[in-house]
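Side chains are part of it too, since the values below use all heavy atoms of this structure and drop only hydrogens, waters and symmetry mates. Just so it is clear, the structure is predicted and the values come from calculations on it, not from any experiment.
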Number of protein chains: 2
Amino acid sequence: MERKATSRRRGEALEQAILDAVWDEFREVGFSKLTMEGVAKRAGTSKPVLYRRWSSPVELMIACAASRVPKAESVPDTGTLRGDTIALLTLAHERMRIVGQTAMLSMLAQVSVDPEARKVLIEGIVNNLSKALSGTVYARAIARGELAEEHLTERLARLPIDLMRNEFILFGHVDAGAIEEMLDQVILPALRARGATV
Amino acid sequence: MERKATSRRRGEALEQAILDAVWDEFREVGFSKLTMEGVAKRAGTSKPVLYRRWSSPVELMIACAASRVPKAESVPDTGTLRGDTIALLTLAHERMRIVGQTAMLSMLAQVSVDPEARKVLIEGIVNNLSKALSGTVYARAIARGELAEEHLTERLARLPIDLMRNEFILFGHVDAGAIEEMLDQVILPALRARGATV
DNA sequence: ATCCGCAAGATACGGTCCGTATCTTGATTG
DNA sequence: CAATCAAGATACGGACCGTATCTTGCGGAT
């Protein structure tokens, strides 16, 4: 968009305006046609300003996505492992929807050829989400006696997010029915098979 | 690469030469730098020849990947559900490795904005693989009495491939340890929790 | 209040690749 | 051997790349 003739944005305000422009541009033309030139134009700035901060459309997209995902959230305590896990999956789904299927896949594709970006994304987002959210839920379940701590492996902790991610990546959306299927047919059986008391 | 001065390829031979060139080019420069121009040059042909068949690098990549994945294979009968499932996961992993992490993600990203291509990929490859492979394995397990047919849902049938795909997409490789984890901590518990006899 | 430094913003550049049109030439068919 | 059709070569305008250069406004320091 065009801007006021006299008003030069700087720092945080400028950066946020650019990331907003990235999002608008992305929704309008899609990721494959997301260009530095187009974003600059829409943000009312110029390419050099973008290149001083990000070196490619993918980096822009990642920064944009990161800026839109809420920093930290906790899973509400519903009183049961099943309820908490539904809440966890729903929350994870919300976060993924914010980013969007295409953006997520584009970022993953980029990351698959960029070991540096991979660490940021995998450890910073994937593990962050898995551990922070699942950690809370499972800690409560263990405290309640619904789960045996010694059988809670890394893989089981990752499982809910893994299933959700897979579903989201394939289909772009995950309805409540799918969540219940994952929960009742896979997650809870797997958790309980390893020494749970309930 | 350059070719004989006098020898004009046509039809199948030409097509295969192009797809081979796509693969070489992809491995050398990566998908993000895979251009029609580069492929044409490497295949010793010209852009119009490519555009007559495929309309973009992504379509080229999909065609290339499809040409490299073996048409149909069956999972060997190892005598047990566990052994068969390991074989199934290993086979799925082999197929994914043929395509490669980056190519797979790039195709999924493309498919996420192209409903037409989505049907081809999801139904033709994902479901194909899931149902063909899992179908065989589970049918044998049911015949052996290791599994109760009435509890084998769509989602449980998809589960092994889903887990494998998720792992492959995130990390680009899946070692034997990961396969055993998925199997013993998730797949088998989920299957057995739903009325299995063993 | 004034000056200075710094980054925003504008502009321009060569370069690559896009997607298409046109033309020639080799191979295939009958 | 003639007719046909696609391979292959070439050229084109256009979009976007990534960078260099220049100015101009903003903000902090004296």
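In the hydrophobic clustering of this structure, A:Val29 does not group with A:Trp54; members are Ile, Leu, Val, Met, Phe, Trp, Tyr whose side-chain heavy atoms approach within less than 4.5 Å, directly or through other members.
If you measure from atom OH of B:Tyr51 to atom P of C:dG19, you get 4 Å, rounded to the nearest angstrom. In this structure, B:Leu14 atom CG and C:dA27 atom P are separated by 13 Å, rounded to whole Å. Distance, A:Lys41 NZ to D:dC16 P: 9 Å, rounded to whole Å. In this structure, B:Leu60 places its CG atom 14 Å from C1' of C:dG19, rounding to the nearest Å. Summarising the geometry, the separation between CD on A:Glu37 and P on C:dA10 is reported as 13 Å, rounded to the nearest angstrom. We find that CD of A:Glu15 is positioned 13 Å from C1' of C:dA7, with the value rounded to whole Å. A straight line from CH2 of A:Trp54 to P of D:dC17 spans 15 Å, rounded to a whole angstrom. Distance A:Glu12 CD to C:dA8 P: 12 Å, rounded to the nearest Å.
At the phosphate of D:dA6, neither OP1 nor OP2 sits under 4.0 Å from any side-chain N or O atom of B:Arg52. For the OP1/OP2 pair of D:dA7 and a distance below 4.0 Å, the side-chain nitrogens and oxygens of B:Arg53 include at least one atom meeting the criterion.
Along DNA chain D, the nucleotide nearest to A:Pro57 and the one nearest to B:Val49 differ in position, and the one closer to the 5' end is contacted by B:Val49.
Between B:Thr85 and the choices B:Thr90, B:Val75, B:Thr80, B:Leu183, the side chain to side chain contact (heavy atoms under 4.5 Å, CB included) rule is met once, by B:Leu183. Each of B:Val39, B:Val22, B:Val99 was evaluated against B:Cys64; a single residue qualifies, B:Val22, per the side chain to side chain contact (heavy atoms under 4.5 Å, CB included) test.
Nearest to the side chain of B:Thr45, among D:dG8, D:dC17, D:dT19, sits D:dG8. Closest contact between the side chain of B:Met36 and the listed nucleotides C:dC18, D:dA20, D:dC16 involves C:dC18. In the set D:dC17, C:dT20, C:dT11, C:dT20 carries the atom at the smallest distance from any side-chain atom of B:Pro48. Side-chain proximity of B:Lys47 to D:dA9, C:dG19, C:dA12: nearest is C:dG19.
Backbone-only engagement by A:Thr35 is indicated by non-hydrogen atom pairs under 4.0 Å involving sugar-phosphate atoms exclusively.
Checked by atom type and distance alone, the side chain of A:Arg53 pairs as donor or acceptor with a backbone atom of A:Val49 at under 3.5 Å. The backbone N or O of B:Leu34 sits nowhere less than 3.5 Å from a side-chain atom of B:Glu25 that would complete a donor-acceptor pair.
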